[in-house]
Amino acid sequence: MNQTVTYKEKRKWGFTTGSCATAAAKAAAQMLFSSDDICVVRIVTPNGRELNLDIIDITRGEHSVCCGVIKDAGDDPDVTNGMKIYATVSKSEAGIHIDGGVGVGRVTKAGLRVPVGEAAINPVPRRMIQGVLEEVKAQHAYEHGFRVVVSVPGGEAVAAHTFNPRLGIVGGISILGTTGIVMPMSEQALVDTIKVEMDVQKAANRQCLLIAPGNYGLHFLQDNLAINLQHVIKCANFLGETIDYASELQFESMLLVGHVGKLLKLAGGIMNTHSKMADGRMEILAAHAGMAGAGADVIRNIMGAPTTEQALAYIAQSGLTDNVVSSVQEKIEFHLHHRARNNLQIEFIVFAEQDRILMQSAQAQQLLKQFEETI
């Protein structure tokens, strides 16, 4: 039986397309060594959660096995919910080669986490698939390799309702997921849970909050700043609500740490950072680049960039990085302070690829040190 997870007994978590592809690949690989069909397969997601997923549509070829898993997004509004994610696995001489088939997009623009020309299967799902296939190899004392082709019937049509066309991903959806789990991000239940976490910290007499929007921020804090994550609050897309409640509870300060792809939106006054609510990242960078003296060609390149990292690369090539970062930082500070209405000291650290700090407010490091001392 497919396993969903109850969220605070109100909302269901689901599982990502990456988890679906992983489970399908594991089941197909196991069935290469047995004539018995596998109806349920167990995987462990990157965040340590165990899933037992139903296997459907088993098809045996002369040298391959294909099977699928139905994507269940839980209570999150996800256009891929209910889609069938298939994996066809065959034996090979060596290595584990993963590619996309029908309905899986292909990357055509630089700047994404997957190289141009490859299937839009993100790094974490690739590692998940490789991991379960290594398990199968060990289980059967198999010393050669596997070829995996992930396919999603109907994926090309569904992709039209995602950001893939803008990102230069053509022909289908992306196989995604950093945790393997889909958490409902848009419900009041999640905001209520964030507030409960803040209540707990206030009750413990802490006056400084450390906030990360998502997993990238958590990983950055843990891996680069050696922060104990026990007291870090993950606010998802609800930055505005988090600031409002911190002010209401009369916290003294807040340190916000996140990836530029998320926090850049703050420079436009966007306080709910879900892509369905607003984007504006390229418009923000293009406007600030224009103010710094960028020409029309540079601005056009920024507006057509698939990611903030690529846009920043165009800005760097024009020699305007310092001026653009400085003016963007001023706008982020303005909008954060305006939201807090001067009732709360808010500092921030914004990082980019390779975990480099792109910008930080004047007292961010001091506040970070204060927080370290409170743990």
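A quick note: this is a predicted structure, and the numbers were derived from the prediction, not measured.
- Between Thr273 and Lys265, the side chains place no donor N or O within less than 3.5 Å of an acceptor N or O (distance only, hydrogens not considered).
- Taking the side chain as every heavy atom from C-beta outward, Leu51 and Ser19 approach each other to under 4.5 Å.
- Between the side chains of Ser90 and His63, no donor N or O sits under 3.5 Å from an acceptor N or O.
- Although no hydrogens or angles enter the test, the distance criterion places no donor-acceptor pair under 3.5 Å between the side chain of Arg281 and the main chain of Val260.
- Using cut-offs of 30° and 60° on the angle between ring planes, the pair Phe351 and His259 is perpendicular.
- At distances below 3.5 Å, not a single donor-acceptor pair connects side-chain atoms of Ser247 with backbone N or O atoms of Asn343.
- Side-chain atoms of Ser174 and Asn122 include no donor-acceptor pair closer than 3.5 Å.
- Counting heavy atoms from C-beta on, the side chains of Leu344 and Phe251 come closer than 4.5 Å.
- Taking the charged nitrogens against the carboxylate oxygens, Arg113 and Glu353 do have a contact shorter than 4.0 Å, which makes a salt bridge.
- For the pair Glu347 (side chain) and Gln363 (backbone), a donor-acceptor distance under 3.5 Å is present.
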Apply the test salt bridge (charged side-chain N to carboxylate O under 4.0 Å, His left out) to residues Glu118 and Arg126: give CA-CA distance (whole Å), side-chain angles for both, the deciding distance (0.1 Å), then the verdict. CA-CA 12 Å; Glu118 291 197 13; Arg126 286 178 183 269; 3.5 Å; yes
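- Proximity of Leu210 to Ile233: side-chain heavy atoms (C-beta onward) are nowhere separated by under 4.5 Å.
- A salt bridge links Glu50 with Arg42: the closest approach of a Lys/Arg side-chain nitrogen to an acidic carboxylate oxygen falls below 4.0 angstrom.
- Both tests do not hold together for Lys202 against Tyr245: distance to the six-membered ring centre under 6.0 Å, angle to the ring axis within 45°.
- Taking the six-membered ring where tryptophan is involved, the planes of Phe334 and His338 are essentially parallel, since the angle between them stays under 30° and well short of 60°.
- Inter-residue side-chain proximity for Leu225 and Phe220 is flagged as met; some heavy-atom pair is nearer than 4.5 Å.
- Proximity of a side-chain donor or acceptor of Lys91 to a complementary backbone N or O of His144 within less than 3.5 Å is not detected.
- Considering only residues two or more places apart in sequence or on other chains, Asp244 meets the salt bridge (Lys or Arg N to Asp or Glu O under 4.0 Å) condition with Arg339.
- Taking OG1 from Thr321 and CE from Met359, the interatomic distance works out to 10.5 Å, rounded to the nearest 0.5 Å.
- The side-chain tip of Lys195 does not point at the ring of Phe238 from less than 6.0 angstrom away and within 45° of straight on.
- Surrounding CD of Glu309 are more than 12 heavy atoms belonging to other residues, nucleotides or ligands, all under 6.0 Å away.
- More than 12 heavy atoms of other residues, nucleotides or ligands shown are found within 6.0 angstrom of CG on Asp199.
- A side-chain donor from one of Asn224 and Asp355 sits under 3.5 Å from a side-chain acceptor of the other.
- Not one N or O on the side chain of Tyr314 forms a donor-acceptor pair closer than 3.5 Å with the backbone of Gln317.
- Side-chain atoms of Arg106 come within 3.5 Å of backbone atoms of Gly100 as a donor-acceptor pair (strictly under, hydrogens ignored).
- At a threshold of 4.5 Å between non-hydrogen side-chain atoms, the residues His288 and Val325 do not count as touching.
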